[in-house]
Amino acid sequence: MIGDDEQARRDEAELLAAFGADGDGDGNGNGDGMAGVPDPGPEYWAAFPSRVRARLAPRARRNEWLSAPRLALAASLALVVAVAALVVPGDVPRDADGESYDPLLAAFAPAPIDEWESLSGLTTAELEAMEERLLAPATPRARIDDLAAPLDDALEGIETLSDDRFDELLKRLAAMKT
Amino acid sequence: MFAASPMPSDELSWIERAKRGDARAFEELVRLHQKPVYGMAMRMLHDHGEADEIAQRTFLRAWDGIGAFEGRSSMRTWLLTICMNLCRNHVRDHARFVRDQQAHLDARGEDAIGSGRLEDEERAERMRAGVARLPERQRQVVELRVFQSLPFKEIAEALGITENSAKVSFHHAVRSLKESVG
């Protein structure tokens, strides 16, 4: 009967005989799979894995980068956004003048733009004083949490981004830095 | 004879390490499976350069997708499935090239007969040309069964068909080859 094991074995034996071969392996996928084709030789086989590895290297590095804990990456991104907002205030997303408004960046900016603008106007001494106050034991924990809340929201937003949106955000951040 | 063989423990270890991003472990997998992958590409494309490129791309794609490899079939079957799909796409994109190759194969078959080689060689050559003319599904089953020596169960998994359907396709392929080769 067509489709039974016995018939398949007979068919296989006939075919192998017709190819002038005695089978490639044990029927369990353990042959070398080279029956019927010219062997390119030992040098080719010795070099093949290295050639694959050479083409693999950029992918391996990319995968390593992508497999970094997303939270750490998100924190780094938030920091980049924060630094960019302070250092290049003209390039941060704006919703008022419309010149460089970017809805994607605006959605994930770690704090309202106005807050960053006011921070960017502070002198170094004022910033240090603010830091001291925030870190002082006397500062109520709730107050610190309040101040950090916008950053948490941004981190959570980045955590839930799809890969496409995440890649897009990375590109835009890179462009912003240049 | 038709049962799937278990993967060697070394291979399992390399797979697990490769899944965690270990390129060295993946290189061992390449070394282990490079011949069957290249062999399949060569038989389907009949050109060393093209087969070499497809074989490399098979492993690159495997690296990208190894996280999704669940071990339901053997690594070899999984790689051959990737390779077969790449070959199929290549054939589709280079239809004229393949027709030329077919003509080349036919000519080689004629030459073999004309030059008075041993009868077995002539027959094998004509069989190879006959396999190239089979319908795609039958050719795939013959490739995986005869040249890669895979069990029908794994052939069925690789092609997304039932085991019986794989055996029936194989039977029809043999019948067609007998008729065409004589």
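Lettering follows sequence order; numbering is per chain, from 1.
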### Task
Go through the structure and list residues passing side-chain hydrogen bond (donor to acceptor under 3.5 Å, both in side chains) with A/Asp39, not counting sequence neighbours.
A/Trp45
### Task
Answer with side chain, backbone, both or neither: which region of B/Asp22 has an atom nearer than 4.5 Å to a non-hydrogen atom of chain A?
neither
### Query
So does B/Arg24 have more than 12 non-hydrogen atoms from other groups sitting under 6.0 Å from CZ?
no
### Query
If you take all heavy atoms of A/Ser50 and B/Glu27, which pair is closest and at what distance?
N-OE2, 4.4 Å
#### Entry: Segment of A/Arg51 engaging chain B (4.5 angstrom heavy-atom cut-off)
both
### Message
Pair A/Phe48, B/Tyr38 - check ring-ring contact (aromatic ring centres under 6.0 Å, His included), show working.
### Response
CA-CA 10 Å; A/Phe48 187 86; B/Tyr38 169 86; 7.6 Å; no
#### Entry: Under 4.5 Å from a heavy atom of chain A, the part of B/Ala55 involved
both
### Task
For side chain to side chain contact (heavy atoms under 4.5 Å, CB included), just list the numbers for B/Trp63 and A/Val52, CA-CA rounded to whole Å, side-chain angles, deciding distance to a tenth of an Å, and then say yes or no.
CA-CA 10 Å; B/Trp63 170 262; A/Val52 172; over 6 Å; no
### Query
With chain A, which of B/Glu143, B/Glu28, B/Arg31 has the greatest number of heavy-atom pairs at distances under 4.5 Å?
B/Arg31
